[in-house]
Each structure stands twice: as C-alpha cells, then as structure tokens.
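For clarity, every value in this text was computed on a predicted model and none was experimentally measured. Here is how names work: the chains are called A, B, and so on, in the same order as the sequence lines, proteins then strands, and each is numbered from 1.
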Amino acid sequence: MPDGAQPVLDVKGLKTVFRTRGGEIHAVNSVSFDLRPGELLGVVGESGSGKSVTMMSLMGLLPSPPADVRAGEVIFEGHDLLKCSDEHLRSVRGAGIGFIFQDPMTSLNPVFTVGFQIMEPLRKHMGMDKAQARKRAQELLELVGIPDAGQRLKDFPHQFSGGMRQRVMIAIALACDPKVLIADEPTTALDVTIQAQIIELVRELRTKLGMAIVWITHDLGVIAGIADRVMVMYGGQIVEQGPVKTVLGNPQHPYTRALLTTVPSVRGARTAKLNTIEGQPPILKAAPVACAFHDRCPQAFDRCARENPARIPVGGGHDVACFWDPATNGARNG
Amino acid sequence: MGHAMADGGAPKKLVEVRGLKMYFPIHAGLLRRKVGDVKAVDDVSFDIYEGETLGLVGESGCGKSTCGRAILRLYDPTAGEIRIGGAEIAHADAETLRKMRPAMQMVFQDPQASLNPRMTVAAIIGEPLDEHTTLTKAEKNARVYELMDQVGLNRTFANRYPHAFSGGQRQRIGIARALALNPKFIVCDEPIAALDVSIQAQVVNLLEELQDRLGLTYLFISHDLSMVRHIADRVAVMYLGRIAELGPRDGLFETPLHPYTEALLSAVPEADPDAETTRQRIILKGDVPSPANPPKGCNFCTRCPKVMDICKSVKPDLIEVQPGRHVACHLYNQTTTMTAGQMAASEAKKSIQQGEKR
C-alpha cells in the first residue's frame, strides 16, 4: 500500500460460493481490499453485488452449508480469520470487529431488554460484572443519543422506534471499543430525516472514538457525505476503488459512471429523461471469465467478453477493473 | 414536461379530494372496546389535473399510502369527498363503484406480493379484461400481447409465472395489468421502492413514456424525493396525516416554504463530495409522533426548528400563499410572503410573548 500506515484489516483474494440446488453461485470473486486505521471505507453496489456477503464471510457469519469460503485470507491483528479457531473468531466478533446489521427491526432479540443485549458483549468479552456492565451500557446509550438512558435500559426493542433501534444496534456494536466497525446498510430501512441523524451520529463518534469503519450502502449520496475511500462492487468483484472525491468526481468504470447519472438529484439541473442501465445484474453460476458488466456496458468491445479485467491503478490510490479508458474513449494501455 | 399545460387553456381537474379523513380504530382491553383512532389521513384536500403527475412524499407512517388507497376506495374513508372525473367515489355503492373501477387503477409497491404466484403473466394481465369486458378469447390475447409490448415485456414470456421474472420485470407486469382497461388515473404506490437503483430509472422512464403516449394522470407516492422531483409536475408533502405543503415542483424544491419540507430536502444526501462538505443540513430532533396521539396545534411543532407559541395550540390551515403554492404553517399566516425583516420581527414578537409568560 502506498501509505505508510499498517492496515487494520487486510483482505486478499476472498472467494465465497453458495451451493444451491440449482448449482453454485459465485457471490464473491477474488475480492481484495484493506482498511486503514481510522478511515471510513464506503462499499457501494446493487443488491446481489456481493457487498454484504463479502463482509459476512470475512467474519465467518455465513452458515456453511450453503456458503463456502473457498479461498483468500483475512488478516486482522496478525491472525488469519479464515483459518483461526472458532474460539479466537468468537473473541474477535464483537470485541475486535463490531457489526451493525441492516434491519434494526429484526436484528435485536425481542424477548430480552435492550440493556441485557448491550451488556451481553461487555460481560462476555470484557469480563465486567453486572454493575459495571450496566454503567457502561448506560454510557453507551447516552453516547448514541438516546434520552433518559438509565430508564430505557429496561425497555424491550418493541418500545423503541426504528431510528432508536438502530442507535441501540450501534451502541451494541460499539460496546467493546472495536477497532473495526462494519455497518451493513445501517440507514437503508430508515427515513431520510432519521438517516441524517444517524449519519451525523456516526460522524461524531468517528472523531471521538477513531475507529475504522466499513459502511455498506447502495446510496452514493450517503457515501459522498461520510466516506474517505469508496469501493464499487459489481458481480461479486470490486470494479473500482479509490478516494471518494476522485471516484465520484472522475469515475473510470462505466458502471460507476452509469450509477452516478441514473440517480436524479434534489438540487441543481433537472434532466428531462433519466439515464438507464439496460438489462439485469448477472447471476454468477461460475467464476467469471469475462467482465461481469460487459453485456450491459455501452463501451464494451470484444476483449471484454473474452477476458476478465484485473484492477489497474490509475494514480492517486484509485484503481479500476476495466479495459476502457474514458480519457481516450478507447482501450486502456496495459 | 408540464402535461397539464400542453393543450393550452385552463387545465381540467380530474381528481378532487376534499376533507378526506381515514381513521383506523384502536381496540384495547378485554372487551376490545374502541379506545381511540389512528388518524392516518386527517383532513386532506387537493386536486389532480388531467395529464399531470402529482407527487405525494413523506416519511413512512405519514399516511401517504393510506391516502392513495382511500382515493381509490380500497378503504372506506371516515369522512370527506372524492371525485374522479366528476363521479363521486367516497360514498358510492359497490355496484356503481365497480363500474367506475376501469377508469382508476393502481400499481403496488411490492411486485413480489402483488402478483399471484399461481397465475401466468397472461392470466394476470388478462384478469381485469375478464372482469370488466366481453372480449373474445382471441381479442383478449391480442390485447394482452399489446400490453406486454407497451411495457417492454417479451411476448414469448406470456405463459411464464411471476417467479421467473426479476423485480423490474414484475413491476412491468403490474403496470401492464393496471393499463389493461385504459384507465385515466393511476395511483402508483411506491412503485420503485423495492427495486435496485439501476432498475428504478427503467421503470420511471416507462411510466413517463406511457403517460406521454396514453395521456395518463398519476398520483405518484414515494419517499424518494429525488425521484419525485424527476417525475412529478406538482408535489404534496405529507406529515402525520396532513399536507404540510403543496405546490409546483420547481418552486417547492428550490424554495421550500414549510420548515418540514426544508428539513426533508436538506436531509437528502448528494453524490457530490464537495457539495456534501459545504452543504448546510437541518437535522431534525426526535422521531415522528404517533398518529394515534398527534400533538396539539401544528402536528410538526414537536420537531420544528422554527416553532412559535401559536404552533402549539392552533392548527394551521393549508392556505395559498403564492400562486399555486399552498402551505400549512403559521409563519405564512399574516402575509403572503414573509421577508427577512418580518421574520426577524416575528422572532422578536415571539421572545416578547415568552418573556410575558415568565
């Protein structure tokens, strides 16, 4: 990596395959990325692009079968999480790497109080006793901006609104001061005004706690507001990666370019007609041998159907997996 | 676009909604006594002109879907009048209503749930024709194929079942079914919410093409402000069962009048990192109150950054403050347009009032 800092999380060549009755689905195909301390990495892609599966496979959260993590390594604090013991993995989950799931309605246990659910990781991982854990749980609820925190610990999840439940999820994920926080579409199920509250909260917490965050979303607008770096996924692969300003300001991959123009804006000029990406996202029955986007790509040429492009650096920590060069509107050298 | 203005002259009203109320009773206790109402739609009035798209936006639970369903009499409204093409809908009996159904149709939010998994595409699209027309089998087939062409579905898929289609294609099936009886008015209830971004644009473009070709009138219900800005001619913003602001699209998005519209627009993130760092956001505090127990006075007063004393006691009416622009807010009560000076004056007045209280 160009920057000197050691990555906190280093993923190399991750491959995940689902075995289904209809054959194998190659959901994650040789995904490599790293996460540096304190940075916020945005992961964008449509549903089925493999963004959630990537993050879940690196923490061993996918049930096997049907999921099978075929290859790759995930280095976190000197250990390969794909090869280490279940016990070690358990000590990493929650304590080293926190996870916020997409749906705050279903990811909290309805039969336990919110306090119990926040205290659980504290007692398991940090060896706190009940009184200490309760004190810390109250602090956490205050940290995520839930009023009257001490009383609310005794409440059950159904007594909270969607935005409040997502705050509870964040509090649980933050409980053991993780080095890495993985947030899987944390605001997708929420309304825009509540989404704005949660984004503001994460911004604040980041400066306060300084952890590295992976933020999965399909909303480029959210990414633009909070991420340092962005990774665009399509067909289980990373097609473009780089600092958020260069990727959104000067997108290199036709998919990223299309994605940026297909979403209308609430400000600025209004187009008469929306740009569309024709066709459907692919279902990957086998490991890709061609560019996954070639049949929807307006720029595709014959090489795209024969060969799967590797990620090529284009300068400034920005790389793209594409044979086409927007600068010359022709084939990319190399 | 501006379909409404296309043929010159005064645009004709197709849909008129007056004082629409839709309350759902709450039953509680051992005897299931009625203890209150969820006021999902609480006194809503608006018009939709022929050939235009009215966007209805708001957060989840604000009553926008209930409103759309009540207009088509999928619910029996608690009070109010609904007229579509001059015909009274709200109190019509079942037989009259059935005869009016072909003119008003609906596209549902979840294309997975709104299609019968045991019917083929041809049967789904053909069902309204069975119910409301006396076409022969051959005529019906021809019409089904014509509809499939119109929405961009391959004719050879006519005998497949919904599971064989992707989300975007299923939504096209739903649109074809809605079009089968040549309706004038279609309520689109979050038609793109369940779709991926790259597919959303395809469906929105299809809806616009169909409108141009067939002269349809839409009520487009969505929580996606950017999509509404794209498709709608006029926009109504709902909050907690009431319309906060109603006006032409450009004016409403450029200079929102109601503090809620302002906050809602400022909360939408933009895919431009430079703009994002400099943009001023209005972060609303707290959550939407329960519609079973809305706050007294203006229903937005618990979260409003510009709240005044009067807001907590008097319900503001939806009034026209500029040509075509309606807003329900006490900030605009005395004068049509408030200048910065007047705003400051009212602020000062407010602090005096508070001072007197203490």
Side-chain angles (χ1 to χ4, degrees), chain A residues 44-49 145 147 160-164 187 189-197 199-201 218-227 230 243-249 255 258-268 270-281 283 296, chain B residues 1 57-62 165-169 194-206 208-209 223-231 239 249-250 253-254 256 260 263-277 279 281-290 303:
Chain A
V44 213
E46 293 178 82
S47 42
S49 64
F160 289 81
S161 66
M164 285 292 168
T187 59
L190 306 174
D191 282 315
V192 275
T193 59
I194 309 295
Q195 167 174 292
Q197 289 175 1
I199 289 174
E200 205 58 28
L201 172 71
H218 62 258
D219 189 339
L220 284 164
V222 172
I223 291 292
I226 55 169
V230 58
V244 70
K245 278 194 183 168
T246 44
V247 172
L248 298 188
Y255 177 64
L259 211 53
L260 281 165
T261 53
T262 173
V263 186
S265 156
V266 290
R267 293 166 205 97
R270 189 181 150 278
T271 48
K273 203 160 172 59
L274 289 176
N275 286 318
T276 57
I277 310 177
E278 290 307 322
Q280 303 291 330
I283 296 164
R296 299 174 81 188
Chain B
M1 278 179 298
V57 291
E59 295 178 276
S60 48
C62 74
F165 293 87
S166 66
Q169 286 172 319
L195 306 176
D196 264 321
V197 272
S198 72
I199 310 297
Q200 284 184 354
Q202 295 176 5
V203 172
V204 166
N205 278 351
L206 172 68
E208 288 191 317
E209 273 165 36
H223 65 269
D224 184 340
L225 290 151
S226 52
M227 236 6 137
V228 166
R229 179 178 182 231
H230 180 78
I231 197 169
Y239 185 78
R249 172 232 309 148
D250 290 337
F253 278 90
E254 262 157 44
Y260 176 64
L264 202 59
L265 288 176
S266 90
V268 181
E270 188 91 27
D272 177 356
D274 295 323
E276 275 299 301
T277 45
R279 195 159 60 82
R281 285 178 204 78
I282 303 166
I283 307 278
L284 292 178
K285 299 271 179 292
D287 291 310
V288 183
S290 157
R303 302 172 82 195

Heavy-atom closest pair, residues [X] and [Y]:
| X | Y | answer |
| --- | --- | --- |
| Ser226(B) | Pro264(A) | CB-O, 3.2 Å |
| Pro269(B) | Asp219(A) | CG-OD2, 4.1 Å |
| Glu46(A) | Val197(B) | CG-CG2, 4.4 Å |
| Ile199(B) | Pro281(A) | CD1-CD, 4.4 Å |

Not counting sequence neighbours, which residues clear salt bridge (charged side-chain N to carboxylate O under 4.0 Å, His left out) with Lys285(B)? List them please. none
What distance separates [X] [atom1] from [Y] [atom2], expressed to the nearest 0.5 Å?
| X | Y | atom1 | atom2 | answer |
| --- | --- | --- | --- | --- |
| Ile194(A) | Glu59(B) | CD1 | CD | 6.0 Å |
| Thr193(A) | Ile283(B) | OG1 | CD1 | 9.5 Å |
| Leu206(B) | Leu274(A) | CG | CG | 12.0 Å |

Listed by chain and number, what are the side-chain contact (heavy atoms from CB on, under 4.5 Å) partners of Pro243(A), not counting sequence neighbours? Thr246(A), His318(A)
Which bit of [X] comes within less than 4.5 Å of chain A, counting heavy atoms only: side chain, backbone, both or neither?
| X | answer |
| --- | --- |
| Leu225(B) | both |
| Asn205(B) | both |
| Glu209(B) | side chain |
| Val268(B) | both |

Side chain Gln197(A), main chain Leu284(B), donor-acceptor under 3.5 Å: yes
Would you sort out whether Val192(A) and His223(B) count as a side-chain contact (heavy atoms from CB on, under 4.5 Å), showing the intermediate values? CA-CA 8 Å; Val192(A) 275; His223(B) 65 269; over 6 Å; no
Which residue out of Leu259(A), Thr276(A), Asn275(A), Val266(A) racks up the most heavy-atom pairs below 4.5 Å with chain B? Val266(A)
Chain B contacts, top residue of Ser47(A), Pro147(A), Ala258(A) (heavy-atom pairs, under 4.5 Å): Ser47(A)
Examine whether an atom of Val263(A) lies under 4.5 Å from a heavy atom of chain B, and if so say whether it belongs to the side chain, the backbone or both; otherwise answer neither. side chain
Is there a side-chain contact between Ser265(A) and Glu270(B) in this structure, where contact means two heavy atoms from C-beta onward sitting under 4.5 Å apart? yes
Under 4.5 Å between any side-chain heavy atoms of Asp272(B) and Leu248(A), yes or no? no
If you tally heavy-atom pairs under 4.5 Å between each of Gln202(B), Met227(B), Glu254(B) and chain A, the highest tally belongs to Gln202(B)
